[in-house]
Amino acid sequence: MRLTKKTALVFMLISVFAFSGMAATSKEEIAFVEKLNSVLSKGSLSEALELFQTMPANLQEDVDLCTLEASLLLSAGKTNDAEKIAVSLLAKEPKNLDILLLNAMVAKQKKNAIKKQQYLKQILTIAPNNPDANIELGNEQAVKRNYRNARDYYLKAIKGDPNNIEALFGHGKMSYYLQRDDDSKKSFNKILEIDPQNAPALSYLAKFEAESRHFKKAVEYVSKAIEIDPTNSDYYFDLGNFNREAGKYADAEKAWKKATELDPDYFLGYAYLAGLCDEQSRFDEAYDYYQKVVQKNPKYYYAYESIGMLAWRKEDYEDARKSFEAAYNANPEHTSYALMLAACLQKLKKPQDCKKFTEKAMKNLDRNSYEYLSLRLFHDMTGESTLTLKIQNEESKKKKGKYLYYLAVYWDIKGKLNLAHKYYAEVTDIKGADFFEYRLAEWAEMGI
């Protein structure tokens, strides 16, 4: 049950009941309902609940008022008190949809999934397209990522109430995930017909424009969403992404900084800012932002990778070692981290530590693999011919470039700089490279 919406609906019914029967209603009863209306309009939950303690005797058995009181109790977290009223009401009117829904929400609050499902099933037996019950079931399926099932429940809710914004939004969102773009857009546009100030609908329409590379229109949509709800950090994340894709770096940075202000404990804003600074060669700022990322999310090993790269660039091999070690511990299958860690240990002139680490890292590797041969190179600091010959015969440019880099680092550590730069240059000659070693090779070649 959508408690705020339901409270308003029930109160509307109460008002109609109370004032349509004015002749048969006492002044005391009218005064109570008017007072309740005033309190609820201010959004004062505790005051409204206190007011029920003064409810006239003639109204104490009124089903609508009792349903409202139970709904308010549930909103206030007083589940047991709400349950007493809900069970009592159900005994009186076992087929009343509002009361069944109230009991379902009490069961949900008490984490009694079986009872909740029973009540929802009863509702749908009486009214198959009941919006509230179908929305609740749709939300359940959405959480489980059963998007198709969730969409079908939202469609039933829409059939029961074509202007139900929550059902339309659920359908639009599920259709978005299912890549049914036309259906999704239709729902979000319908929401805006009903409520032009609906920020979430605007934000999704912005995503569609961005996916079509209409970044100006995407920015317009999400900017309007921000005007309506300026405290939603997600909108600023999107605004930053759209501006970034449009090449407006300063606007992207401004948006992501605002996102981090609104949600300072979420790592992603710092990751975006780090990447943006990194891309613009603002290395010190990038380094600081990456440090923020791992402070907020120590499991985000990509940030450790970037910190390690930036530390390696500055020849701070101890910092690089720590960072690549953290990345390797988080993702030991990524052999590049093991190789960079080994290279750091050799740069730090800790050959015994390097041997100890590489022996462990090589243990389960194929002895003919690039990973094994490269680690072996740092383990022994000799025997480069086998790896060199294997690389020369490699057809995959990505694989060739990746391991040429480690061959270059090997010669760099041994002080053979001409050979090192020969191999760095071969790495940077590869077009469209997407491995991080390529960037390290570029820095080595450029001397930055």
Side-chain angles (χ1 to χ4, degrees), residues 1-2 4-6 9 101 120 123-124 127-248 251-252 255-256 259 268-269 272:
M1 177 164 53
R2 324 281 86 85
T4 53
K5 182 184 75 175
K6 196 66 188 173
L9 175 60
L101 193 61
L120 293 177
I123 292 169
L124 295 180
N129 297 321
N130 178 275
D132 287 302
N134 278 297
I135 288 170
E136 181 62 32
L137 291 167
N139 291 346
E140 277 185 3
Q141 293 299 308
V143 169
K144 296 175 183 176
R145 299 189 179 185
N146 295 331
Y147 300 137
R148 194 174 300 279
N149 290 344
R151 180 202 60 183
D152 292 345
Y153 279 119
Y154 293 130
L155 279 172
K156 288 181 182 178
I158 292 168
K159 190 173 181 181
D161 179 4
N163 292 328
N164 188 300
I165 287 178
E166 189 169 3
L168 287 165
F169 185 79
H171 175 258
K173 192 173 179 180
M174 295 307 105
S175 297
Y176 177 82
Y177 291 153
L178 292 167
Q179 299 183 335
R180 307 228 0 167
D181 293 355
D182 289 342
D183 291 342
S184 183
K185 290 177 190 176
K186 185 177 177 181
S187 283
F188 291 129
N189 280 310
K190 174 72 173 178
I191 290 171
L192 293 180
E193 288 176 16
I194 301 165
D195 175 16
Q197 298 297 301
N198 190 286
L202 287 163
S203 76
Y204 269 93
L205 289 171
K207 294 179 196 294
F208 281 117
E209 295 296 342
E211 287 168 9
S212 299
R213 303 197 67 76
H214 300 150
F215 297 118
K216 183 178 179 181
K217 188 67 176 175
V219 167
E220 288 175 7
Y221 269 124
V222 79
S223 295
K224 187 173 180 181
I226 287 170
E227 286 177 19
I228 297 163
D229 183 4
T231 63
N232 190 313
S233 62
D234 288 341
Y235 301 157
Y236 283 99
F237 280 123
D238 285 346
L239 179 61
N241 285 328
F242 303 155
N243 278 314
R244 166 66 186 81
E245 288 295 320
K248 296 182 176 180
D251 290 338
W256 288 332
L268 193 57
Y272 284 154

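The figures that follow rest on heavy atoms only: side chains count, while hydrogens, waters and symmetry mates do not. Being a predicted model, the structure only gives us computed values, none of them experimental.
- Considering only heavy atoms from C-beta on, Leu168 comes within 4.5 Å of Ile194 through its side chain.
- Here the side chains of Leu239 and Tyr235 are not in contact, with every heavy-atom distance at 4.5 Å or above.
- Sorted by first and then second residue, the pairs that involve residues 191-207 and meet side chain to side chain donor-acceptor pair (under 3.5 Å), not counting sequence neighbours, are Lys207-Asp238.
- Contact record, Phe169 with Pro200: CE1-CB, 3.4 Å, taken as the closest heavy-atom pair.
- Atom CD1 of residue Ile135 and atom OH of residue Tyr153 lie 13.5 Å apart, to the nearest 0.5 angstrom.
- In terms of heavy atoms, Phe242 sits closest to Ala210 at CE2-CB, 3.3 Å.
- Counting only heavy atoms from C-beta outward, the side chains of Leu205 and Leu192 approach each other to under 4.5 Å.
- Remark: Glu140 CD to Lys144 NZ distance equals 5.5 Å, nearest 0.5 Å.
- For the pair Trp256 and Tyr236, the minimum side-chain heavy-atom distance is 4.5 Å or more.
- Looking only at side-chain heavy atoms (C-beta outward), Asn163 and Lys190 come within less than 4.5 Å of each other.
- Pairing each heavy atom of Ala133 with each of Leu124, the nearest pair is CB-CD2, 3.8 Å.
- Distance NZ/Lys248 to CG/Asp251: 6.0 Å, rounded to 0.5 Å.
- Listed for the Asn146 side chain is no donor-acceptor partner under 3.5 Å among the backbone atoms of Asn149.
- Put simply, the side chain of Asn139 reaches to within 4.5 Å of the side chain of Glu166, judged on heavy atoms.
- Side chains of Ser187 and Asn189: a donor-acceptor N/O pair is absent below 3.5 angstrom, by distance only.
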Mind running side chain to side chain contact (heavy atoms under 4.5 Å, CB included) on Arg213 and Glu245 for me, showing each step along the way? CA-CA 8 Å; Arg213 303 197 67 76; Glu245 288 295 320; 3.9 Å; yes

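- Minimum interatomic distance between Ala225 and Ala199 (heavy atoms only, all atoms of both residues): CB-O, 3.6 Å.
- A 4.5 Å side-chain heavy-atom check between Ser184 and Phe208 finds at least one atom pair inside the cut-off.
- In terms of heavy-atom proximity, Ile228 sits nearest to Pro196 at CD1-O, 4.5 Å.
- Going from atom CZ of Arg244 over to atom CG of Asn241 covers 9.5 Å, rounded to the nearest 0.5 Å.
- Residues Pro128 and Lys156 fail the side-chain proximity criterion, which asks for heavy atoms closer than 4.5 Å.
- Within 6.0 Å of the NZ atom in Lys186, the count of heavy atoms belonging to other residues, nucleotides or ligands does not exceed 12.
- Taking the ring axis of Tyr221 as reference, the NZ or CZ atom of Lys217 stays within 45° of it and closer than 6.0 Å to the ring centre.
- Ile158 and His171 get closest at one heavy-atom pair: CD1-CB, 3.8 Å.
- A distance of 15.0 Å separates OH of Tyr177 from CZ of Arg151, quoted to the nearest 0.5 Å.
- Separating the OH atom in Tyr176 from the OH atom in Tyr147 is a distance of 11.5 Å, to the nearest 0.5 Å.
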